[in-house]
Amino acid sequence: FDDPQGLHEKTEYLLREWVNMYHSPQAGRDSFKAFNAFVQQMHTQGILKTDDLITRFFRLCTEMCVDLCYRALGEAGQSTTMIRAKCFYTLDAFVRLIALLVKHSGDTNTVTKINLLNKVLGIMAGVLLQDHEVRYTEFQQLPYHRIFIMLFIELNAPEPILEAINFQVLTAFCHVFHILRPAKAPGFAFAWLELISHRVFIGRLLALTPLQKGWGFYAQLLVDLFKFLGPFLRNADMTKPMQLQYKGTLRVLLVLLHDFPEFLCEYHYAFCDVIPPNCIQMRNLILSAFPRTMRLPDPFTVNLVVEHLPDINKAPRILTNIVALIQPASFKKDLDSYLKTRSPITFLSELKSNLQANPQGSRYDIVLINALVLYVGTQAIPQLQNKGVSMSTIAPSPHMDIFQNLAVNLDTEGRYLFLTAIANQLRYPNSHTHYFSCALLYLFRQANDQTIQEQITKVLLERLIVNRPHPWGLLITFIELIKNPTFKFWDHEFVRCAPEIEKLFENVARSCY
Amino acid sequence: TGIDLTTLGLNLNSPENLYSMFQSPFAETACRPQDIDYHVPAEYLTN
Amino acid sequence: PLGPVPLAKEQLYQVAMLEACLQHLPHPSDSERLRYFLPRNPCPTPSYYPTASFPHVDAVEIYQRCGTETLFFIFYYMEGTKAQYLAAKALKKQSWRFHTKYMMWFQRHEEPKQITEEFEQGTYIYFDYEKWGQKKKEGFTFEYRYLE
């Protein structure tokens, strides 16, 4: 509904008052003196009377700040430094007001504080999305970026009041950043990536918040980013802005790989689910992560016996609930039944069509294929504990029946997605890496069709020829494939299908042993 | 073959964590020490 | 073997928006507090200038080896940074004390003539920011409400 008569003028007056008070030397430490005086003015002006008025006040203030920025940005001949100084003069003051209101509202009642913060962030998001829609390519991210980051920094200052509500503050910001994810506000995508990769943001969510309670939030934001990039990476037609965004994403992932490898380890499955299958290097980067406590044996060690590695029987943590991803329930029921009793016998013949029930563009349900592969593998591993996982123990079994069926019956595209799902499990030494490495090599050896062997080789090779890093499990699998005579790798025609391919194999082989 | 990730301006061999000096996903270099806000007593902020 | 997937209308819209905002990329300084005296755009310096920060830049020992003026220079021009904080620590180690009321630094030069709970009177040295040097003052009253 329309704002009450006079509220706009009143708000404008108050905002100007506050900006002046904020910048005056008498503002006091953290502007507290100014704040006390200003709250009185808000009272006398009746702004704090109802929740609705407070909401309107913040929305109007936000809009006024934004308009001021658009005017400044529109001024010709101004240096960007001057423009920013002019914008930040008001924006920073407004942020300080919000921070002080959040800190001091409701006295010791943290719920009041967080409710106010959520309200304000919600208003910001609303104003931004409307502006984004209305102005279209004229949209400017500067005011919003500045408000969000300065408010985040203000509310994460090391103060007792703030420490008490820090996790809720982080939750509120992650929530609003999810709402403003690049797919929803592409005009804000660069600022968004700046926000979620700011050192204070990463520090709070991934390092300082106890019990890794912030990890799930951060993973969600990365999934948002990958989903946005997905369609563009999928076609590898990178326009300049997309290249910039992609490179920025690689930088952030490199920071995560270096500082929080366990985070990438635990959420790799969810990330691979939304990273396009042909986005090799970025996915390699994630799959290369390994726990910092782990010492990785050199994959090129001669006579490396993987089965004897201490970690090889430990299951990695996978935080995604893959069972929930296996739909429909009837399919899951049949799958479990087949794994247990190899019935219904129609299961295998219907498998392919079950995997194609995806209406979203691609003919295969990639999420289902990924979930199926990992689920079957994780069902198989416990049953092999006594005998130990190896090429000779993983079959015969209903699990490998399923894998062999997929290798034989899927078409090239489907088989590529299936083999990709397996290769995504070739990571650091753990029971999944070991099982799927054996499974892949078993499929290669058992294949009576060279097309399958060639495609297995391609899936591995495409991951090896890109720049580093390369996952440990990928390296040991490929080394085993080309070294172990039982695979007769070098006898295959496709190794010599073209001089440059032959040369490529020889180069890779030479680097392997 | 993708990008040589060692050319993205991050010191991947650093024994320190990278995120505390991370400047921007679009910047080629890390933050300089003086770029980073540090919480000092308010009295110090005399400018 | 997957083949390209044609971009949907939504993605074409996203590309258009992304193209537009390429014209006003965020600047790293947008994510930091404003400091008028510290330009964020590194000014070009001769190639032989050291660019990487030297080791132990975060240790107060480095600052303790700096001269007094240098420490005050860092304190005055690099406010809000770790360098300022460490310079202040080094100054305190040289028995300088920061007095909030006068926004100045004092160094007691000799035993005070008069000591009470509230203040002490004696000869002090204070740092004159205008002349970038130290000044001695007789009979100066030093109030205890200083920032330790």
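Chain letters run A, B, ... following the sequence lines, proteins first and then strands; every chain starts at 1. Values below: all heavy atoms of this structure, side chains included; hydrogens, waters and symmetry mates excluded.
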Would you enumerate the inter-chain donor-acceptor pairs between chain A and chain B whose distance is below 3.5 Å?
| from | atom 1 | to | atom 2 | distance (Å) |
| --- | --- | --- | --- | --- |
| A/R29 | NH1 | B/E43 | OE2 | 3.4 |
| A/E194 | OE2 | B/S24 | OG | 2.5 |
| A/R251 | NE | B/L8 | O | 2.7 |
| A/R251 | NE | B/A27 | O | 3.2 |
| A/R251 | NH1 | B/P25 | O | 2.7 |
| A/R251 | NH2 | B/E28 | OE1 | 3.3 |
| A/R251 | NH2 | B/E28 | OE2 | 3.2 |
| A/H258 | NE2 | B/S14 | O | 2.7 |
| A/D259 | OD1 | B/L18 | N | 2.9 |
| A/D259 | OD2 | B/L18 | N | 2.7 |
| A/D259 | OD2 | B/Y19 | N | 2.7 |
| A/Q281 | OE1 | B/I3 | N | 2.7 |
| A/Q281 | NE2 | B/I3 | O | 2.5 |
| A/N467 | N | B/T1 | O | 2.8 |
| A/N467 | ND2 | B/T1 | O | 3.2 |
| A/N467 | ND2 | B/G2 | O | 3.2 |
| A/N467 | ND2 | B/I3 | O | 3.3 |

Chain B contacts, top residue of A/P469, A/P158, A/A207, A/P25 (heavy-atom pairs, under 4.5 Å): A/P158
Please identify, among A/I202, A/L193, A/V252, the residue contributing the most non-hydrogen atom pairs under 4.5 Å to chain B. A/L193
Side chain, backbone, both or neither: which part of B/I3 has a non-hydrogen atom closer than 4.5 Å to chain A? both
Between A/L244 and chain B, which part of the residue has a heavy atom less than 4.5 Å away: side chain, backbone, both or neither? both
What part of A/L257 gets within 4.5 angstrom of chain B, counting heavy atoms only: side chain, backbone, both, or neither? neither
Hey, are the side chains of B/L12 and A/L254 touching, using non-hydrogen atoms and a 4.5 Å cut-off? yes
Partner set under side chain to side chain donor-acceptor pair (under 3.5 Å) for A/Y144, not counting sequence neighbours: A/D131
Heavy-atom distances under 4.5 Å only: say whether A/F260 touches chain B with side chain, backbone, both or neither. side chain
